[in-house]
Structures are given as C-alpha cells and as structure tokens.
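Bear in mind the structure is a predicted one, so any value in this text is a computation, not a measurement. Starting from 1, each residue takes its place in the sequence as its number.
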Amino acid sequence: MEKPFAITLDLGSSLANHTGSWRTEKPLYVDLLPPCNQACPAGENIQQWLFHAEEGNYEAAWRQLTQDNPFPAIMGRVCYHPCQDACNRAEVDEAVGINAVERFLGDEALTRGWAFEPPAAETLSGKRVLVVGAGPSGLSAAYHLRRLGHDVTVRDAGPMAGGMMRFGIPSYRLPRPILDAEVKRITDIGVSIELNAKVTDLEAALAEGFDAIFLAVGAHIGKRAYIPAGESAKILDAVTYLHDVETEEEKPMLGRKVVVYGGGNTAIDAARTAKRLGAEEAIIVYRRNRDKMPAHDFEVEEALEEGIMLKWLSTIKHVDEGKMLVEKMALDESGFPQPTGEFEELEADSLILALGQEADLSFLEGVEGIAVEDGVVAVDGSMMTGRRGIFAGGDMVPAERTVTVAVGHGKKAARHIDGFLRGAAYNPPAKRPVATFEKLTTWYYADAPHQHREHLEGARRSSTFDEVVHGLDEGNAKFEARRCMSCGNCFACDNCFGVCPDNAVKKVDFAKGYAIDYDYCKGCGLCVAECPCGSITMVPED
C-alpha cells in the first residue's frame, strides 16, 4: 500500500464514549472551614473579608467583618489573635497578619466615615431588651440585637461606655478616640446607653416591661491576697489603680520604685503604666518562671523593651514602708512553686496586686433560678441562666476573659435572645470540616514575608501614653491579605481546569466556580492533587 492504513473518526465522535463510567472514585468540590475562622472567638468569617481586602475592596471587607464583630479598630489593637496561631500559612513561612489587616480596615472605616446600616425593620411586636453592662460583651449583644430590629437599652454603672476596654486596657494600647468612635457607631443605629445607672434589682427591671435581659457585668474587682504589712505600707489593687488612671484628674502617687505582684496581662499593664506615671523602677514579681506566665509573650517583650524588670520564682512575704521581703521559689516536678527558705529585700515605695479579677454579682442575690458558683453564673448552651428570659455572658460566665471572647458571647446571646423573643429557638448551622494543612498543596504559594507593624521606640514610649504599635499602610495591608491561602475554599485559580486530562472540568463563572462533567471524568484525582487550597476531594463513586 502506498499510504499507511488508519481508522479515521469524525470530529467529536469520541464524545460518544462516556469514559466516566470507568471510575471508582470521583472528585467533588467542597467548602471547608478555614482554621482561622474556627479559632476566632468572635466567629468572624476571616477568610471572606481577607478576600475582599486583597481585592482592594476595603468597604466590602469591613462590612463582612462587622457582620460578626462591631469593633475592628479595637480588635486590631487588643485581640490576642488566636486565628493566627491556627493559620496554616505558619507551616509555609509565617502566619498571615490577620490582626494587622483587621486594624487597617477598622481605621480605614473611621477615616472614611463608614457607618452601620440601620435595621431593615423593627421587631413587629415591639420587643424590648435590657443589657446590663456597656463593656465588649454588652455592646456586642446590643449591636446584634439592634440589627435584628429590637429596642435595646444598655445600662452601665460607670461614667463612660467601654467597660474593661476602657478601665482595664491602658490608652497606649487602645487610644480613647478609637474606642469612643466605635461605640458611637452603635448608638447611631439606635442603641440607647444609660451611664451612671447601676442595676441593683433585676425584678424591678423586668417590671419596667423588658422582654429579655442580657447580663454582661465585667470583672472590675481585683482579687486580694493576705500579705503581712506594716501600717504605713502602700498597697493597691491593679484594677482600681488602672480605673483611677483613666478617671481621676490626679493620677495615683506611686513613688520612685513600684513592685507589681502577678504574672498576667494586667500585671504587665500595671507595670508599664507605672513607668509612664513617672516611676523610675517598675518590677514585676511572679512566683513561677516565664514559661508558666499567663501574660502573652509579645506583651512581656514590649515591657522588657521599656525597662520593666521581671523577678521570676519569687513571692512576697511581708511589706513595709519603702521595702518588702521576697522569698525565692523553686518549681517542683508538677510545675508548682515551692518555697526555698531563701529571702531577699527589695526597695519599693508601693505594691500593686495583680492577682486576678472578679465580677460583682451581689445584685443577683435572691434572684430565683440564677445559680452562682465560684464567682461565675451558670448558663446553658443558649447563654440563658436558670431564670427564663435572663441571659449572661462575658466575664461573669465560665470562659476565658478576653475582649474577643466577650464579643463572641454577645453575638451568640443576641441570636438566642432573638429566637426567644420570636418564639422559635435559634439553631446554629452545622460546622463544616476544617481545612487542615495536609489538605493543601502548598508549593504553589510563593514565600512572602510577614509585614511587621512599626513600634514606638522603647526609650520614648515609657514616658508617654502615645500608642505603642502602629498600623499598616494600604500597600502593606493588601500584601498581607494576599498572603492568605484561602484554605478549603476555591479561589478560581484554574489549576483543576488546566490539569484535567479529560477536559472534564468546566468553568461556570467566577461566582459559581467550576463544574465537573462526570460523563468523561475518569476519577484520576489529578485535580485534587493539584488544588492549592484543598477545595476538591475524592469520594467513592455511587
């Protein structure tokens, strides 16, 4: 034969052979829960607002964020960002600076004057809710309840709103204009805040016609410890001391040398504030070592930069005018400090006790159905106490005491209060599986360094209450947002479309992503192997 023999097929005729019938497994697009979202105590959809931020759509990012948390500028300064501890990016280079981007969005909103949308409709039956406490949990609950259309009144015993955000966090960490501006946005949508209005009788409040009450009393009482002291010894508790720094025209007189007893973040704040008030020396005495210290490591580092001294494995045995006796401790096998019998004397003009805080729950005495145990109120899964219609959250319930946890409590309680008022219990949606690191194909992501925020120099900041940590500019914030790997959620990279040997992956549109033509997908799993963010998985064929 002059030409090679061949079988010719008409164009497109191979489509008649449905090769998808050969497979035993098939790929499936999934939406997994990003670990940052899972770790956020306020329940923010972090990945979604980072997506808007990396596109430069900052207002959309801010509005997405504030669906869950009304305080992005505050949180960007005071949150201890557990989301970053969970971030998968840390396995590649460094965690995404979520907290820094959140602050940028919060500050951008204040600069541009973005405001919350008023509620779409008022509650049909005119339901009224009383919130007791204008701290982070109470204000969060008020914000979410108002957005749901309820009439909300907040009553607080203090002269200013903000609770422990104002009276427990110094202004060098949280400038007061930022706090005031984010609180004002909540009152602008119709939340009423009554100050110097301490609630002492819940029965009387219910008699005023409130349909539900949310209790959010902060831990404003400092715990005390018995320390033998001379009559002239100057001893203060950290909570009252920080409160007085905020409210009094004449600041506390501490002397040249100040000792702070404790190892938490309040102890760090107390010592750093003492320096700013003029103390030449501020020493933190803690009975364990640094590894056991509950204060966050970055706060300890900032304190050391400011000249704060830390005396580990020590306990105070006696205090007198101008001096105190300190005993050295040693950790036993279980990590518990034991006395050694070795003593030394420290010069000190005043002692500040930072040994923990409690909420004043005396107003709950005699209230039927509300159980108080170990200084906290018992609540069920809906944040309701044993008294129907009375809910509680924040520092006064069993939980970690942080601003972010308190904000999350307020949101959760608001949703359950709304369900209670409407006569239909709120049922949260089921949680999706978490997008763990092994589900990702990370070699697609280029190394990108974490953007660090500038700090005021240590020598300058110990004598001023100016803000210590600065924010990111737009360029750095956008770069940081783009470091997000979109764990578990498709971001339309086209990898699956490009690598499929059967052309079985079809582009639908950017919003809907991709679809798989199972008539021709042979189940090779190449799309799963090459998906950077782990948003495709293989499942057994039916």
Side-chain angles (χ1 to χ4, degrees), residues 77-78 134-135 156-181 183 193 195-198 218-225 227 229-262 264-285 302-303 306-309 316 319-324 346-358 360 456 458-468:
R77 290 167 165 84
V78 306
D156 192 272
M160 294 172 278
M164 292 303 288
M165 293 188 294
R166 184 183 299 276
F167 300 114
I169 300 176
S171 58
Y172 61 80
R173 287 178 56 204
L174 176 56
R176 298 312 183 236
I178 299 294
L179 173 59
D180 293 336
V183 171
I193 300 179
L195 300 171
N196 298 307
K198 187 173 183 178
H220 292 270
I221 301 175
K223 290 183 179 179
R224 306 287 292 195
I227 300 175
E231 292 183 3
S232 57
K234 187 178 181 66
I235 302 177
L236 308 84
D237 79 81
V239 181
T240 302
Y241 153 70
L242 291 172
H243 182 279
D244 290 347
V245 171
E246 179 67 23
T247 58
E248 301 294 327
E249 291 185 10
E250 293 187 9
K251 305 306 180 190
M253 301 296 291
L254 302 172
R256 293 185 307 108
K257 296 186 177 183
V258 179
V259 170
V260 179
Y261 192 27
N265 295 308
T266 300
I268 300 292
D269 286 338
R272 295 174 72 184
T273 298
K275 269 278 198 176
R276 286 163 170 78
L277 293 177
E280 294 176 10
E281 284 186 9
I283 304 172
I284 294 174
V285 174
E302 289 179 8
E306 293 171 14
I308 306 298
M309 292 179 280
I316 298 172
V319 183
D320 214 330
E321 183 178 12
K323 61 184 179 181
M324 61 185 63
L346 283 181
E347 290 185 30
D349 299 303
S350 55
L351 170 65
I352 300 173
L353 301 178
L355 303 173
Q357 295 134 246
E358 297 175 329
D360 181 2
L456 195 65
R460 287 182 53 201
R461 68 193 192 216
S462 60
S463 60
T464 174
F465 278 87
D466 291 347
E467 189 169 14
V468 170

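Look at Glu467 and Arg77 and you find a salt bridge, because one of the NZ, NE, NH1 or NH2 atoms lies within 4.0 Å of a carboxylate O, short of that distance. A salt bridge is defined here as a Lys NZ or Arg NE, NH1 or NH2 lying under 4.0 Å from an Asp or Glu carboxylate O, and Lys275 with Glu306 fails to meet this definition. A salt bridge does not link Arg460 with Asp466: every distance from a Lys NZ or Arg NE/NH1/NH2 to an Asp or Glu carboxylate oxygen is 4.0 Å or more.
The closest side-chain heavy-atom distance from Val245 to Pro170 is not below 4.5 Å. Between Leu277 and Phe465 there is a side-chain heavy-atom pair separated by less than 4.5 Å. The side-chain heavy atoms of Ile284 and Ile268, taken from C-beta on, include a pair separated by under 4.5 Å. No side-chain heavy atom of Val183 sits less than 4.5 Å from a side-chain heavy atom of Met160. Residues Arg166 and Asp180 form a side-chain contact, since some pair of their non-hydrogen atoms from C-beta on lies under 4.5 Å apart. Two residues are said to be in side-chain contact when any heavy atoms from C-beta on lie closer than 4.5 Å; Glu347 and Glu281 fail this criterion. The side-chain heavy atoms of Pro159 and Leu195, taken from C-beta on, include no pair separated by under 4.5 Å.
When all heavy atoms are compared, the tightest approach of Ala279 to Val258 is CB-CG2, 3.8 Å. Heavy-atom minimum distance, Ala348 versus Val259: CB-CG2, 3.6 Å. Smallest separation of non-hydrogen atoms from Ala238 and Ala354: CB-CB, 3.8 Å.
Glu302 CD to Arg461 CZ: the interatomic distance, rounded to the nearest 0.5 Å, is 5.5 Å. Considering CZ of Arg173 and CE of Met165, their distance stands at 12.5 Å, rounded to 0.5 Å. One distance of note links CG of Asp349 with CE of Met324; it measures 9.0 Å at 0.5 Å rounding. Note that CG of Leu351 and NZ of Lys323 are 15.5 Å apart. Values are rounded to the nearest 0.5 Å. How far CG of Leu346 is from NZ of Lys257: 9.0 Å, rounded to the nearest 0.5 Å. Rounded to the nearest 0.5 angstrom, Tyr241 OH and Lys251 NZ are separated by 10.5 Å.
Here His220 pairs with nothing under the ring pair (Phe, Tyr, Trp, His ring centres under 6.0 Å) rule; sequence neighbours left out.
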Practice prompt. Just do the side chain to side chain contact (heavy atoms under 4.5 Å, CB included) check on Ile169 and Glu246 with the steps written out, would you?
Written response: CA-CA 9 Å; Ile169 300 176; Glu246 179 67 23; over 6 Å; no

Practice prompt. Could you please spell out the steps behind the side chain to side chain contact (heavy atoms under 4.5 Å, CB included) verdict for Leu353 and Ile227?
Written response: CA-CA 10 Å; Leu353 301 178; Ile227 300 175; 3.9 Å; yes

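Seen from the ring of Tyr172, Arg276 counts as a face-on cation partner, given the 6.0 Å and 45° thresholds.
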